[in-house]
**Q** 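Sharing a structure below in structure tokens format, with a few things to ask.
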Amino acid sequence: MSSYSVGIVGATGAVGKELQACLEKSSFPASSLRIFGSERSAGKEIATEKFGTVTAELFDVDKARECDVIFLAVSGDFALEHAEAISEGEGGAVVIDNSSAFRYKDGIPLVVPEINGEKTKGAKLIANPNCTTAIGLMALFPLHKLFKLKKVIMSTYQAASGAGQPGMNELEKGTLDVLNGVKEVADHAVFAHPLPFNVIPHIDKFQENGYTKEEMKVSWECTKICDLDPDVAISCTAVRIPTYRAHSEMIVIETELPVDIDAARKALEEAPGVKLVDDTDKELYPMPLTATGQYDVEVGRLRKSLVFGDHGLEMFVSGDQLLRGAALNAVLVAEEMANNGALAEMTAKAT
């Protein structure tokens with residue numbers, strides 16, 4: 001197998017750091033690593049196990065194009081400005097973008113490798129899904145293959161780190177301020193309301209239909225990734241909770257075919273990227289505490305739905321959104337492209 005030069009833009013942020021860590025552990029055949037950042041980051045030396053000490057470079061489109069693969073762990077505005085310039089034409093790099101900038105654009109694949117990895121073939125720019133979507137789909141897709149989804153109702157419990165390091169810092173400081181009697185109610189700037197000792201049913205901007213953009217992302221992205229019929233109805237309520245890391249989701253589905261819980265359990269046990277944690281006698285079920293830092297998404301609390309009867313199933317899911325919902329998924333996209341020949345084809349055209 002060929003080896004490839006890799007670059008990360010935004011490597012000093014929460015997702016960027018996880019990207020580097022995932023690459024260190026990955027089977028992806030990376031020959032070298034370059035790290036690009038702002039003037040503030042340029043010149044910093046970053047220690048890596050696989051690639052030695054890497055000196056961060058000031059981002060430049062032409063320098064990024066020298067790489068075979070570029071991971072973008074930056075804002076949507078930055079991606080919109082630079083992603084296509086990095087990837088377009090002969091000599092351009094394959095770009096895997098973690099932002100929302102290109103997720104809904106026709107002709108740009110939105111990829112969870114275990115579901116639609118074949119969509120990477122022929123693509124120079126690939127979009128990574130929203131973290132909530134990626135975590136939920138790891139459980140939903142195996143069940144869709146068995147029973148065919150008709151309706152999905154999701155409620156999310158999303159950690160502070162979904163808002164990056166600033167969100168985690170605000171939760172930590174606010175919690176300490178309240179516990180130490182410095183404040184009766186914590187200050188807030190990152191979140192719409194104080195998060196310590198609170199939950200906030202508001203993530204991203206509200207849309208005209210009353211849903212937030214975060215909630216609509218789940219609907220839009222599940223449909224695109226799984227190539228679902230537009231008649232499959234997907235509704236989500238997204239809630240921020242005062243935990244550091246790992247998102248959880250309560251998911252209720254109505255199916256076209258009758259549900260067999262034993263068959264569902266077997267499918268989830270065998271699904272790549274999924275860990276079935278479902279033994280209520282031993283009080284074992286998915287939790288952010290146990291999902292944090294884990295590559296696999298935990299799925300449990302499987303039961304037939306009292307609402308939809310034989311055509312319904314309910315479950316609880318927890319997954320590390322910085323990994324499965326971001327960095328890990330992006331690295332797995334690169335692995336898939338190396339394995340299915342897409343990357344070799346793209347880099348051959350560039351030479």
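Worth saying up front: this structure is predicted, and the values here are computed from it rather than measured.
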**Q** Would you please test Q158 and E214 for side chain to side chain donor-acceptor pair (under 3.5 Å) and show each step?
**A** CA-CA 11 Å; Q158 297 183 220; E214 178 80 1; 3.1 Å; yes

**Q** Should K25 and E49 be marked as a salt bridge (Lys or Arg N to Asp or Glu O under 4.0 Å) after you check the CA-CA gap, both sets of side-chain angles, and the distance that decides it?
**A** CA-CA 10 Å; K25 300 173 185 175; E49 291 183 15; over 6 Å; no

**Q** Using the benzene-type ring in the case of Trp, are the ring centres of Y211 and F206 under 6.0 Å apart?
**A** no

**Q** Let me see the working for K217 and D204 under salt bridge (Lys or Arg N to Asp or Glu O under 4.0 Å), right down to the final yes or no.
**A** CA-CA 10 Å; K217 287 175 186 176; D204 213 330; 3.3 Å; yes

**Q** Would you call the rings of Y157 and F316 parallel, tilted or perpendicular, taking 30° and 60° as the class edges?
**A** tilted

**Q** Quick one: do D187 and K173 make a salt bridge, cutoff under 4.0 Å?
**A** no

**Q** For atom NZ of K224, decide whether the heavy atoms of other residues, nucleotides or ligands shown that lie under 6.0 angstrom number more than 12.
**A** yes

**Q** Is the CG atom of L179 crowded by more than 12 outside heavy atoms at less than 6.0 Å?
**A** yes

**Q** If you draw a 6.0 Å radius around NZ in K183, do more than 12 non-hydrogen atoms from other residues or ligands fall strictly inside?
**A** no

**Q** So, are E18 and R245 salt-bridged, with charged N and O less than 4.0 Å apart?
**A** yes

**Q** Is the centre of the F191 ring less than 6.0 Å from the centre of the H202 ring?
**A** no

**Q** I'd like to know if R301 and E314 make a salt bridge, using a cut-off of under 4.0 Å between side-chain N and carboxylate O.
**A** no

**Q** Salt-bridged, K148 to E256, with N to O below 4.0 Å?
**A** no

**Q** For T133, which of R103, E249, E221 qualifies under side chain to side chain donor-acceptor pair (under 3.5 Å)?
**A** E221

**Q** Do the charged groups of E88 and R65 touch, with an N to O distance under 4.0 Å?
**A** no

**Q** Assess whether a salt bridge exists between E57 and R34, defined as any Lys/Arg side-chain N lying under 4.0 Å from an Asp/Glu carboxylate O.
**A** yes

**Q** Salt bridge or not for K266 and E270, using N-O below 4.0 Å?
**A** yes

**Q** Ion pair present between K50 and E24, side-chain N to carboxylate O less than 4.0 angstrom?
**A** no

